[in-house]
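Atoms within each ligand, like the ligands themselves, are counted from 1 in listed order.
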Amino acid sequence: MKPVVAPVKNVLATQIAFETLHQRSYGVPGIGLIHGETGFGKTTAITHLYNQVNGIYVSARAHDSTSSLMARIVEELGAQPMHRISKSVDYIIEQMSMHERTLFIDESDYLMNDIRMLETVRDLYDGTEVPVILIGMDQIARRISSRKQFYNRISEWVEFKPADLDDVMTMAHHLFEHGIEADEALLEHLRVSSSGELRRITIGLNKIESLAIANDLDMVTLANWGKQPFHGLRD
Ligand SMILES: Nc1ncnc2c1ncn2[C@@H]1O[C@H](COP(=O)(O)OP(=O)(O)OP(=O)(O)O)[C@@H](O)[C@H]1O
Ligand SMILES: [Mg+2]
């Protein structure tokens with residue numbers, strides 16, 4: 001399997017949202033929210049994007065405080081952590097403004113447990129007006145709507161959807177090595193049994209590729225695959 005990011009619909013929607021935030025008109029707020037279920041490819045899409053646009057990426061953690069989160073952003077910017085939160089915030093604002101670097105915060109659900117952390121992220125946005133993009137699970141969209149000051153600054157929403165057959169074909173086309181292919185019926189079977197979740201689709205594609213290599217097949221069909229599960233004990 002090739003270590004590449006396949007341009008599935010959610011990846012393209014993320015890129016469009018980013019460009020829209022960057023080119024927004026004066027007065028339009030610049031916070032973006034990307035949400036969707038586990039394994040739908042959020043982190044992959046964001047990692048791909050932030051590398052292209054020289055963004056700042058940080059992943060929030062269960063035990064983060066405002067101080068630890070700001071310290072990690074400062075480290076990500078290549079500086080030594082600072083003792084005072086206000087110094088860290090000033091430094092981050094300066095770096096974001098100077099180089100127009102979008103801040104991406106993955107696992108942002110954890111920000112919802114701590115109003116101070118969320119407000120500090122809002123301060124980063126207000127101090128720079130450079131886009132800030134939060135990435136989280138499905139709950140985040142509902143929880144954030146009760147934080148009006150934050151919610152009103154969100155102008156781009158992307159909900160990650162389960163992969164459709166087109167997406168599974170795109171994944172197969174970009175990830176399979178040695179010119180291996182799978183027929184549409186097998187890819188549709190994979191889509192249904194993985195509920196369109198890209199993490200499980202990747203596991204399934206890897207197994208299909210192994211079957212092709214072991215049996216010297218260029219094209220793997222549903223009949224070649226048979227009834228074996230793609231993932232776990234049964235699908
Ligand atoms: N566009 C893509 N191209 C290739 N592989 C992908 C793509 N999207 C997802 N994957 C595969 O699926 C796996 C899971 O995706 P990812 O970690 O991005 O999901 P997530 O939505 O961030 O999940 P979680 O909510 O659990 O963090 C990745 O490790 C990668 O192997
Ligand atoms: Mg993730």
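The side chain of Met171, and not its backbone, has at least one atom closer than 4.0 Å to an atom of ligand 1 (non-hydrogen atoms only; side chain from C-beta on). Of the heavy atoms in Met137, only side-chain atoms (C-beta onward) come closer than 4.0 Å to ligand 1. By the criterion of a heavy-atom distance under 4.0 Å, the side chain of Val11, and not its backbone, is placed next to ligand 1. Only the side chain of Thr202 comes within 4.0 Å of ligand 1, judged by heavy-atom distances. Within the 4.0 Å heavy-atom criterion, neither part of Asn10 lies near ligand 1.
What you find for Val4 and His174 is that their closest heavy atoms are CG2-O, 3.4 Å. The two residues Ala163 and Asp167 come nearest to each other via the heavy atoms CA-OD2, 3.6 Å.
Contact check on Glu197 versus Arg200 returns a salt bridge, with a Lys/Arg side-chain nitrogen under 4.0 Å from an Asp/Glu carboxylate oxygen. For the pair Arg191 and Asp164, the salt-bridge criterion is not met [side-chain N within less than 4.0 Å of a carboxylate O].
Between the side chain of Asp64 and the backbone N or O of Ala60 there is no donor-acceptor pair closer than 3.5 Å. With Gln228 contributing its side chain and Trp225 its backbone, the two residues share a donor-acceptor pair below 3.5 Å. The backbone N or O of Gly36 sits less than 3.5 Å from a side-chain atom of Lys42, completing a donor-acceptor pair. Under the 3.5 Å distance criterion, the side-chain polar atoms of Arg153 are matched with a main-chain donor or acceptor of Gln149.
In the vicinity of Thr43, heavy-atom distances shorter than 4.0 Å reach the ligand 1 atoms 18 (O), 20 (P), 22 (O), 27 (O). Per-residue contacts place Glu107 under 4.0 angstrom from the following atoms of ligand 1 (heavy atoms of the residue considered): 27 (O). Within the listing of ligand 1, atoms 7 (C), 8 (N), 9 (C), 12 (O) sit less than 4.0 angstrom from a heavy atom of Leu198. Close approach of ligand 1 to Val4 (heavy-atom distance below 4.0 Å) involves ligand atoms 3 (N), 4 (C). Residue Val5 has at least one heavy-atom neighbour below 4.0 Å for each of these atoms of ligand 1: 1 (N), 3 (N). Within the listing of ligand 1, atoms 21 (O) sit less than 4.0 angstrom from a heavy atom of Glu37.
The nearest protein atom to atom 2 (C) of ligand 1, hydrogens excluded, is given as Ala6 N, 3.6 Å; this is a heavy-atom distance. Thr44 OG1, 3.8 Å is the protein heavy atom nearest to atom 10 (N) of ligand 1. Distance from atom 19 (O) of ligand 1 to its nearest protein heavy atom, with residue and atom name: Gly41 N, 3.2 Å. In this structure, the protein non-hydrogen atom closest to atom 26 (O) of ligand 1 is Thr38 OG1, 2.6 Å. Counting only heavy atoms of the protein, atom 25 (O) of ligand 1 lies nearest to Lys42 NZ, 2.8 Å. In this structure, atom 23 (O) of ligand 1 lies nearest to the protein heavy atom Gly39 N, 2.9 Å. Among all non-hydrogen protein atoms, the one lying nearest atom 12 (O) of ligand 1 is Arg199 CA, 3.5 Å.
There is no side-chain donor-acceptor pair under 3.5 Å between Arg24 and Ser155. Residues His63 and Ser68 have side chains that never bring a donor and an acceptor to within less than 3.5 angstrom of each other.
Of the N or O atoms in Val8, none lie within a sub-3.5 Å distance of an N or O in ligand 1.
Looking at Thr102, Thr47, Asp106 one by one, the single match for side chain to side chain donor-acceptor pair (under 3.5 Å) with Tyr57 turns out to be Asp106.
Coordination check, Thr44 versus the Mg ion (ligand 2): failed, since every N/O/S atom of the residue sits at 2.8 Å or beyond.
Considering CG of Leu217 and CD1 of Ile208, their distance stands at 11.5 Å, rounded to 0.5 Å.
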